[in-house]
Amino acid sequence: YDEAFVVFKKALSLKSDYMNAQYNLGVAYYRAGRIADAIQLFQQVLQRNDKHVEAMVSLACAYIDQGRLDAGISLLRTALAINPNLQIAERNLGNAYFATGKLQEALNAYQRALALKPNDAEVHNNLGVTYNQLRAYKQAVRAYKRALELAPAYVEAHYNLAIAYL
(Lines give C-alpha, C1' and ligand atoms only; values in the text may rest on other atoms or scores of the structure.)
Protein backbone atom coordinates (compact mmCIF):
# COMPACT_ATOMS: atom_id res chain seq x y z
CA TYR A 1 0.00 0.00 0.00
CA ASP A 2 3.00 2.28 0.27
CA GLU A 3 2.74 3.28 -3.38
CA ALA A 4 -0.95 4.09 -3.00
CA PHE A 5 -0.20 6.22 0.06
CA VAL A 6 2.40 8.21 -1.86
CA VAL A 7 0.21 8.81 -4.91
CA PHE A 8 -2.94 9.71 -2.95
CA LYS A 9 -0.91 12.11 -0.80
CA LYS A 10 0.56 13.67 -3.95
CA ALA A 11 -2.94 14.16 -5.36
CA LEU A 12 -4.00 15.78 -2.08
CA SER A 13 -0.94 18.04 -2.08
CA LEU A 14 -2.04 19.30 -5.49
CA LYS A 15 -5.70 19.62 -4.54
CA SER A 16 -6.31 19.42 -0.80
CA ASP A 17 -10.09 19.23 -1.16
CA TYR A 18 -10.03 16.24 -3.54
CA MET A 19 -12.56 14.15 -1.65
CA ASN A 20 -12.13 10.95 -3.69
CA ALA A 21 -8.40 10.93 -3.00
CA GLN A 22 -9.04 11.59 0.67
CA TYR A 23 -11.61 8.79 0.90
CA ASN A 24 -9.45 6.29 -0.99
CA LEU A 25 -6.38 7.14 1.07
CA GLY A 26 -8.56 6.24 4.05
CA VAL A 27 -9.46 2.94 2.37
CA ALA A 28 -5.77 2.23 1.75
CA TYR A 29 -4.96 3.00 5.40
CA TYR A 30 -7.81 0.74 6.53
CA ARG A 31 -6.62 -2.15 4.36
CA ALA A 32 -3.09 -1.66 5.67
CA GLY A 33 -4.35 -1.88 9.24
CA ARG A 34 -3.82 1.79 10.00
CA ILE A 35 -7.31 2.11 11.47
CA ALA A 36 -6.80 5.38 13.37
CA ASP A 37 -5.48 7.10 10.22
CA ALA A 38 -8.38 5.70 8.20
CA ILE A 39 -10.91 6.91 10.77
CA GLN A 40 -9.48 10.42 10.65
CA LEU A 41 -9.81 10.57 6.86
CA PHE A 42 -13.31 9.08 6.77
CA GLN A 43 -14.40 11.63 9.37
CA GLN A 44 -12.92 14.45 7.31
CA VAL A 45 -14.81 13.27 4.23
CA LEU A 46 -18.03 13.15 6.23
CA GLN A 47 -17.43 16.64 7.59
CA ARG A 48 -17.37 17.86 4.00
CA ASN A 49 -20.21 15.65 2.75
CA ASP A 50 -22.42 14.15 5.44
CA LYS A 51 -24.24 12.04 2.81
CA HIS A 52 -21.11 10.19 1.58
CA VAL A 53 -22.43 6.69 2.26
CA GLU A 54 -19.21 4.90 1.29
CA ALA A 55 -17.31 6.91 3.90
CA MET A 56 -20.07 6.15 6.44
CA VAL A 57 -19.84 2.42 5.80
CA SER A 58 -16.05 2.49 5.88
CA LEU A 59 -16.01 4.51 9.10
CA ALA A 60 -18.58 2.12 10.59
CA CYS A 61 -16.36 -0.86 9.74
CA ALA A 62 -13.37 0.85 11.32
CA TYR A 63 -15.37 1.58 14.48
CA ILE A 64 -16.56 -2.02 14.59
CA ASP A 65 -12.97 -3.22 14.24
CA GLN A 66 -12.13 -1.08 17.28
CA GLY A 67 -15.00 -2.62 19.25
CA ARG A 68 -17.11 0.54 19.00
CA LEU A 69 -20.10 -1.51 17.89
CA ASP A 70 -22.84 0.96 18.81
CA ALA A 71 -21.14 3.76 16.86
CA GLY A 72 -20.71 1.42 13.88
CA ILE A 73 -24.33 0.29 14.01
CA SER A 74 -25.52 3.88 14.16
CA LEU A 75 -23.49 4.86 11.09
CA LEU A 76 -24.66 1.83 9.14
CA ARG A 77 -28.28 2.66 9.92
CA THR A 78 -27.69 6.23 8.76
CA ALA A 79 -26.11 5.02 5.52
CA LEU A 80 -29.07 2.69 4.92
CA ALA A 81 -31.52 5.52 5.58
CA ILE A 82 -29.82 7.44 2.78
CA ASN A 83 -29.48 4.44 0.46
CA PRO A 84 -31.47 1.33 1.46
CA ASN A 85 -29.85 -0.68 -1.35
CA LEU A 86 -26.37 -0.82 0.21
CA GLN A 87 -25.83 -4.55 0.53
CA ILE A 88 -22.44 -4.10 2.17
CA ALA A 89 -24.05 -1.95 4.87
CA GLU A 90 -26.68 -4.62 5.58
CA ARG A 91 -23.99 -7.31 5.70
CA ASN A 92 -21.86 -5.31 8.12
CA LEU A 93 -24.93 -4.40 10.17
CA GLY A 94 -25.62 -8.13 10.50
CA ASN A 95 -22.05 -8.73 11.62
CA ALA A 96 -22.25 -5.95 14.20
CA TYR A 97 -25.58 -7.15 15.56
CA PHE A 98 -24.19 -10.68 15.77
CA ALA A 99 -21.18 -9.38 17.71
CA THR A 100 -23.49 -7.65 20.19
CA GLY A 101 -25.58 -10.79 20.64
CA LYS A 102 -28.63 -9.34 18.90
CA LEU A 103 -29.19 -12.46 16.85
CA GLN A 104 -32.67 -11.71 15.53
CA GLU A 105 -31.50 -8.31 14.31
CA ALA A 106 -28.46 -9.97 12.72
CA LEU A 107 -30.72 -12.48 10.99
CA ASN A 108 -32.93 -9.70 9.65
CA ALA A 109 -29.94 -7.71 8.35
CA TYR A 110 -28.46 -10.77 6.64
CA GLN A 111 -31.79 -11.54 5.02
CA ARG A 112 -32.03 -7.96 3.72
CA ALA A 113 -28.46 -8.25 2.43
CA LEU A 114 -29.39 -11.43 0.56
CA ALA A 115 -32.47 -9.78 -0.90
CA LEU A 116 -30.08 -7.22 -2.42
CA LYS A 117 -27.38 -9.71 -3.46
CA PRO A 118 -28.69 -13.30 -3.36
CA ASN A 119 -25.44 -14.95 -4.43
CA ASP A 120 -23.22 -13.69 -1.59
CA ALA A 121 -21.71 -16.86 -0.13
CA GLU A 122 -20.29 -15.02 2.89
CA VAL A 123 -23.72 -13.73 3.89
CA HIS A 124 -25.24 -17.19 3.48
CA ASN A 125 -22.51 -18.53 5.76
CA ASN A 126 -23.10 -15.76 8.30
CA LEU A 127 -26.82 -16.45 8.14
CA GLY A 128 -26.05 -20.10 8.89
CA VAL A 129 -23.88 -19.17 11.87
CA THR A 130 -26.70 -17.01 13.20
CA TYR A 131 -29.28 -19.76 12.72
CA ASN A 132 -26.90 -22.15 14.47
CA GLN A 133 -26.66 -19.80 17.45
CA LEU A 134 -30.46 -19.64 17.51
CA ARG A 135 -30.50 -23.48 17.48
CA ALA A 136 -32.36 -23.45 14.16
CA TYR A 137 -30.15 -26.20 12.80
CA LYS A 138 -32.16 -27.08 9.69
CA GLN A 139 -32.05 -23.46 8.53
CA ALA A 140 -28.33 -23.31 9.38
CA VAL A 141 -27.62 -26.39 7.26
CA ARG A 142 -29.64 -24.93 4.38
CA ALA A 143 -27.69 -21.65 4.57
CA TYR A 144 -24.30 -23.39 4.68
CA LYS A 145 -25.24 -25.60 1.74
CA ARG A 146 -26.23 -22.53 -0.26
CA ALA A 147 -22.93 -20.86 0.61
CA LEU A 148 -21.13 -23.96 -0.66
CA GLU A 149 -23.18 -24.06 -3.86
CA LEU A 150 -21.98 -20.54 -4.53
CA ALA A 151 -18.40 -21.08 -3.36
CA PRO A 152 -17.49 -24.78 -3.25
CA ALA A 153 -14.01 -24.10 -1.83
CA TYR A 154 -15.34 -21.98 1.07
CA VAL A 155 -13.53 -23.75 3.91
CA GLU A 156 -15.32 -21.95 6.73
CA ALA A 157 -18.73 -22.94 5.32
CA HIS A 158 -17.59 -26.58 5.11
CA TYR A 159 -16.47 -26.41 8.74
CA ASN A 160 -19.67 -24.71 9.88
CA LEU A 161 -21.80 -27.26 8.03
CA ALA A 162 -19.95 -30.07 9.81
CA ILE A 163 -20.53 -28.38 13.18
CA ALA A 164 -24.24 -28.00 12.40
CA TYR A 165 -24.45 -31.75 11.84
CA LEU A 166 -23.05 -32.52 15.32
Side-chain angles (χ1 to χ4, degrees), residues 1-102 105-106 109-110 112-130 144 146-148 150-160:
Y1 297 102
D2 290 337
E3 294 86 0
F5 300 154
V6 170
V7 178
F8 283 132
K9 287 178 182 179
K10 177 64 176 178
L12 288 167
S13 75
L14 297 170
K15 186 177 179 189
S16 63
D17 64 344
Y18 190 13
M19 197 172 355
N20 287 337
Q22 197 172 31
Y23 169 72
N24 284 299
L25 178 59
V27 170
Y29 280 150
Y30 181 82
R31 290 181 183 169
R34 294 176 56 178
I35 305 300
D37 292 327
I39 286 173
Q40 183 179 10
L41 286 166
F42 297 145
Q43 288 172 333
Q44 288 173 8
V45 169
L46 288 169
Q47 286 171 354
R48 294 180 50 228
N49 177 359
D50 64 354
K51 303 276 192 264
H52 194 295
V53 291
E54 293 85 0
M56 277 182 212
V57 171
S58 297
L59 181 58
C61 290
Y63 283 160
I64 290 165
D65 286 351
Q66 288 187 325
R68 298 166 61 185
L69 297 169
D70 290 338
I73 288 169
S74 177
L75 275 171
L76 291 168
R77 285 179 169 167
T78 300
L80 286 163
I82 295 167
N83 181 352
N85 295 318
L86 286 172
Q87 191 267 356
I88 191 168
E90 289 288 6
R91 182 180 66 193
N92 285 304
L93 188 59
N95 294 344
Y97 279 138
F98 185 88
T100 62
K102 296 178 180 176
E105 288 91 337
Y110 291 141
R112 288 189 303 268
L114 288 172
L116 295 168
K117 187 177 175 188
N119 293 331
D120 188 325
E122 181 181 340
V123 176
H124 281 284
N125 182 67
N126 293 350
L127 186 67
V129 171
T130 306
Y144 297 138
R146 181 64 181 138
L148 290 169
L150 297 167
Y154 193 172
V155 174
E156 187 177 347
H158 281 284
Y159 174 82
N160 289 334

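In what follows, residues are counted from 1 in the order of the sequence shown.
- Across all their heavy atoms, Tyr144 and Ala157 have their closest contact at CB-O, 4.2 Å.
- A donor-acceptor contact shorter than 3.5 Å is absent between the side chain of Asn125 and the backbone of Ala121.
- We find the CZ-CG distance between Arg112 and Asn85 to be 12.5 Å, quoted to the nearest 0.5 Å.
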Item to complete: Please step through side-chain contact (heavy atoms from CB on, under 4.5 Å) for the pair Gln87 and Val123, ending with a clear verdict.
Response: CA-CA 10 Å; Gln87 191 267 356; Val123 176; 3.6 Å; yes

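- Taking every heavy atom of both residues into account, Leu116 and Pro84 meet most closely at CD1-O, 3.8 Å.
- Legend: residues meeting ring-ring contact (aromatic ring centres under 6.0 Å, His included) with Phe8, ordered by chain and number and at least two apart, are absent.
- Among all heavy-atom pairs drawn from Ala4 and Ala28, the shortest one is CB-CB, 4.4 Å.
- For the residue pair Thr130/Tyr97, the side-chain donor-acceptor check at 3.5 Å is not satisfied.
- Nearest approach of Asp17 to Arg48, heavy atoms of both residues: O-NH2, 2.5 Å.
- Without hydrogens or angle criteria, Ser74 side chain to Asp70 main chain gives no donor-acceptor distance under 3.5 Å.
- Atom-to-atom distance recorded for Leu12:CG and Asn20:CG is 10.5 Å, nearest 0.5 angstrom.
- At distances below 3.5 Å, at least one donor-acceptor pair connects side-chain atoms of Ser13 with backbone N or O atoms of Lys10.
- In terms of the ring-ring contact (aromatic ring centres under 6.0 Å, His included) criterion, residue partners of Phe5 (sequence neighbours excluded) are, by chain and number, Tyr29.
- Atom CG of Leu80 sits about 4.5 Å away from atom CD of Glu90, to the nearest 0.5 Å.
- Atom CG of Leu46 sits about 10.0 Å away from atom OG1 of Thr78, to the nearest 0.5 Å.
- Atom CG in Leu59 sits 9.5 Å away from atom CD1 in Ile64 (nearest 0.5 Å).
- Judged purely by atom type and a 3.5 angstrom limit, His158 uses its side chain to pair as donor or acceptor with the backbone of Pro152.
- Closest approach of Leu114 to Asp120, counting heavy atoms only: CD2-O, 3.9 Å.
- Side-chain atoms of Tyr110 come within 3.5 Å of backbone atoms of Asn95 as a donor-acceptor pair (strictly under, hydrogens ignored).
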Worksheet item: Hey, mind stepping through Arg146 and Asn119 against side-chain contact (heavy atoms from CB on, under 4.5 Å) and telling me if it holds?
Response: CA-CA 9 Å; Arg146 181 64 181 138; Asn119 293 331; 2.8 Å; yes

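- Within the model, atoms CG of Leu127 and CZ of Phe98 stand 11.0 Å from one another, a figure rounded to the nearest 0.5 Å.
- Counting heavy atoms from C-beta outward, His52 and Phe42 have side chains that stay 4.5 Å or more apart.
- Side-chain contact between Gln66 and Ile39 is present, with at least one heavy-atom pair separated by less than 4.5 Å.
- Ala38 approaches Tyr30 most closely through the heavy-atom pair CB-N, 3.6 Å.
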Item to complete: Start with the C-alpha distance between Lys117 and Arg91, add both sets of side-chain angles, then the distance that settles side-chain contact (heavy atoms from CB on, under 4.5 Å), and finish with yes or no.
Response: CA-CA 10 Å; Lys117 187 177 175 188; Arg91 182 180 66 193; 5.5 Å; no

Practice prompt. Could you walk me through whether Val57 and Leu76 pass side-chain contact (heavy atoms from CB on, under 4.5 Å), step by step?
Written response: CA-CA 6 Å; Val57 171; Leu76 291 168; 4.2 Å; yes

